[in-house]
Amino acid sequence: MIPRPNLFLVKFSLVNIFPGNKHSLRPFSSDNTPLPIVTELISNQHWGRLKTHLQNENPITLLQQLLDSRSDPCLTLRYYKWSEKEFNISHSLEHSCMLLHSLANSKEYSRMRSFLHYFLKNDNPISVSSIFHAISISGDSFFAGSIIADVLILAYVNHMKSDLGFEAFKRAGDYGFKLSVISCNPLLSALDMKAWAIMPDVIAYNTLIGGYCKKGQIGKMYKADAILKEMIVNEVRPNEITFNILIDGFCKDENLSAAMKLDDAFCMLDEMVGSGLKPNVVTYNALINGYCKKGKMKEATDLFDDVVRQGIAPTVITYNTLIDAYCKDGRMEDALALRESIVDRGIFPNVSTYNCLIAGLCREGNIAVLRKLINEMQNKGVKVDFVTYNIMVGALCKDGESRKAARLLDEMIKIGLRPNHVTYNTLMDGCCREENLRAALNVKTRMEKEGMRANVVTYNVLIKGLSKKGKLEEANGLLNEMLEKGLVPNRTTYEIVKEEMVDKGFVPDIEGHLYNISGS
DNA sequence: GTAGGGTTAG
């Protein structure tokens, strides 16, 4: 038997392979403030200790640093509120808007709502026009600005200040922010203009349908389909995007009784064509991906040929879908050849193309080609991203090289790439596999120091590691911590620590979702 | 919950 090559023999340092990345070195935190320590104190609500830390510092400067350092906006929000109360200060309008922008970019809509509620609570005398000025200068995302305006109007209406809400409505128009039915309907009702209430438009319906398609429960597509019918009844015409969302949803629905069929997706395609809409490359990408993910490579390539015959130009995503499928099917030569051939069609492999191939080569343990491919990326000026690092961290962990994987984590931070949950969770899993529980727990501490909160996967990995080594008490401690933090355990949690979960009153329902019979 | 397709974690 040929021994599996040790991945790290390649001297796998993406920085060494990518000298170009060295120039983009960014400091992780400012030199004079130990930001990770501060974020940890905020995260654990150690306000007394934080106050000691702040003795010689301006609380406003710290807010500025938290905002500048891309810290978790929820954490920054917590500090914002605490510092206002503790030091009896009011943070500036601009800082408040910066925080709103970062909450909007993180899709923390309910926190935005409560923040604006808090902001307007004390009969805030700041004029609507100053607020809009601050919104426009404190962030560069037009999209986030629109959401802030939306939530602001809603907050005015909820505070019985519909005159100010109406003023904000007009200002939003001046700045070109796009408002939604979420704020406009309540505003119009407040102004007793019910007759003019805005019907949800195609974008609102598509958003709603997309929301159902993303959820993983049984019957989600039934509900999504019901909304399609509802929009037609309300005389809102579905467009290409509506059908693309639905087709993609059906392709990814794992709960269909006949999992190997793609009937529903193709019924949708018929309905789309029947409505006079023309399927585009996005439609076919979703269908090709559906075939690929169900292991039907023949059908996938036939459909691809059909698309080309129709004169629809495949995109890099079409090719990435096929390349990834070849890789996962063990057909690395086909995958590599396809990546070479697309250049002739004027399509250039991007970082995702390389990520698919790198993941495939790692699975095979084909280090020689892996090294060649990474050189090629460098020559073609395609920069590695955090997914590339996540793949490599995963590969090293699988090889029992979690310490080397940890070095890659350091490296990615050094070159200014931000690790995500996948990075930390993968590394923790690697440490657990090597029964190095202390290292795994250290990774969790580190992730929290950097302002990233542990998620359900984090806890599942650690609880599994601890239980496997018989440390049931500690595992139970983490399970409690997870529940205290308001995280919802899932099926995996249940499978790992069934007894403890049952003790706590959790039972899975028919769909595998957990609910708590003790009512808490 | 702020409209669509591809790559990474339990």
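Below, chains carry the letters A, B, ... as their sequence lines are ordered, and counting in each starts from 1.
For A/Val273, the side-chain contact (heavy atoms from CB on, under 4.5 Å) partners are A/Pro279, not counting sequence neighbours. Residues satisfying the ring pair (Phe, Tyr, Trp, His ring centres under 6.0 Å) criterion with A/Phe386, sequence neighbours excluded, are absent altogether. Listed by chain and residue number, A/Asp429 satisfy the side-chain hydrogen bond (donor to acceptor under 3.5 Å, both in side chains) test with A/Arg433 (two or more places apart in sequence, or in another chain). Considering only residues two or more places apart in sequence or on other chains, A/Ser402 meets the side-chain hydrogen bond (donor to acceptor under 3.5 Å, both in side chains) condition with A/Glu434. For A/Lys293, the side-chain contact (heavy atoms from CB on, under 4.5 Å) criterion is met by A/Asn289, A/Asp324, not counting sequence neighbours. Applying the side-chain contact (heavy atoms from CB on, under 4.5 Å) criterion to A/Ala439, with sequence neighbours excluded, gives A/Cys431, A/Asn436. With sequence neighbours left out, the side-chain contact (heavy atoms from CB on, under 4.5 Å) criterion links A/Asp329 to A/Met297, A/Arg331.
Close to B/dT8, at under 4.0 Å from its OP1 or OP2, lies a side-chain N or O of A/Lys328.
The separation between A/Leu357 atom CG and B/dT8 atom P is 12 Å, rounded to whole Å. Whole-Å rounding puts the A/Met447 CE to B/dA9 C1' distance at 11 Å. Atom NZ of A/Lys398 is separated from atom P of B/dT8 by 11 Å (rounded to the nearest Å). Distance A/Leu246 CG to B/dA3 C1': 11 Å, rounded to the nearest Å. If you take CG of A/Asp248 and C1' of B/dA3, they are 13 Å apart, rounded to a whole angstrom. We find that CG of A/Leu408 is positioned 16 Å from P of B/dA9, with the value rounded to whole Å. Spacing between atom OH of A/Tyr212 and atom P of B/dT2 amounts to 13 Å, rounded to whole angstrom units. If you measure from atom CE of A/Met501 to atom P of B/dG10, you get 19 Å, rounded to the nearest angstrom.
Heavy-atom distances under 4.0 Å link DNA chain B to A/Asn280, A/Val281, A/Val282, A/Asn285 of residues 268-288 of chain A, given in residue order. Scanning residues 332-343 of chain A for heavy-atom distances under 4.0 Å to DNA chain B yields an empty list. Contacts of residues 307-317 of chain A with DNA chain B (heavy atom under 4.0 Å): A/Thr315, A/Ile317.
Closest to the A/Asn490 side chain, of the nucleotides B/dA3, B/dG10, B/dT7, is B/dG10. With distances taken from any side-chain atom of A/Asp150 to the nucleotides B/dT2, B/dT8, B/dG10, the minimum falls on B/dT2. For A/Asn420, whose side chain is taken as the heavy atoms from C-beta onward, the closest listed nucleotide among B/dT7, B/dT8, B/dG5 is B/dT8. Taking every side-chain heavy atom of A/Ile147 into account, B/dT2 is the closest of B/dG10, B/dG5, B/dT2. The A/Cys356 side chain lies nearest to B/dT7 when the options are B/dT8, B/dT7, B/dA9. Here the side chain of A/His421 is nearest to one of B/dA9, B/dT8, B/dG10, namely B/dA9. Nearest nucleotide to the side chain of A/Thr207, out of B/dT8, B/dG10, B/dT2: B/dT2. Listed candidates were B/dA9, B/dT7, B/dG10. Nearest to the side chain of A/Lys293 is B/dT7. Nearest nucleotide to the side chain of A/Lys252, out of B/dA9, B/dT7, B/dG5: B/dG5.
Using a 4.0 Å heavy-atom distance criterion, A/Thr426 is classed as a sugar-phosphate-only contact. Residue-level contact check: A/Ile241 touches the bases, meaning some heavy atom is under 4.0 Å from a base atom. The residue A/Val461 sits close only to the backbone: its heavy atoms come under 4.0 Å of sugar-phosphate atoms, none of a base. Using a 4.0 Å heavy-atom cutoff across all strands shown, A/Thr492 reaches at least one base atom of the nucleic acid.
Residue pairs meeting the salt bridge (charged side-chain N to carboxylate O under 4.0 Å, His left out) criterion with at least one member in residues 335-355 of chain A, sequence neighbours excluded, are A/Arg339-A/Glu376. Note on residues 283-319 of chain A: pairs passing ring pair (Phe, Tyr, Trp, His ring centres under 6.0 Å), not counting sequence neighbours, are A/Phe266-A/Tyr291, A/Phe304-A/Tyr319.
Partner A/Tyr424 forms a side-chain hydrogen bond (donor to acceptor under 3.5 Å, both in side chains) with one of A/Glu450, A/Arg446, A/Glu448 and no other, that one being A/Glu450.
We find that A/Glu481 and A/Lys485 are joined by a salt bridge, their nearest charged nitrogen and carboxylate oxygen being less than 4.0 Å apart. Between A/Lys223 and A/Glu230 there is no salt bridge, since no side-chain N of the basic residue sits under 4.0 Å from a carboxylate O of the acidic one. A salt bridge links A/Arg309 with A/Asp306: at least one charged nitrogen is closer than 4.0 Å to a carboxylate oxygen.
One N or O donor and one acceptor, one from the side chain of A/Asn239 and one from the base of B/dA3, sit under 3.5 Å apart.
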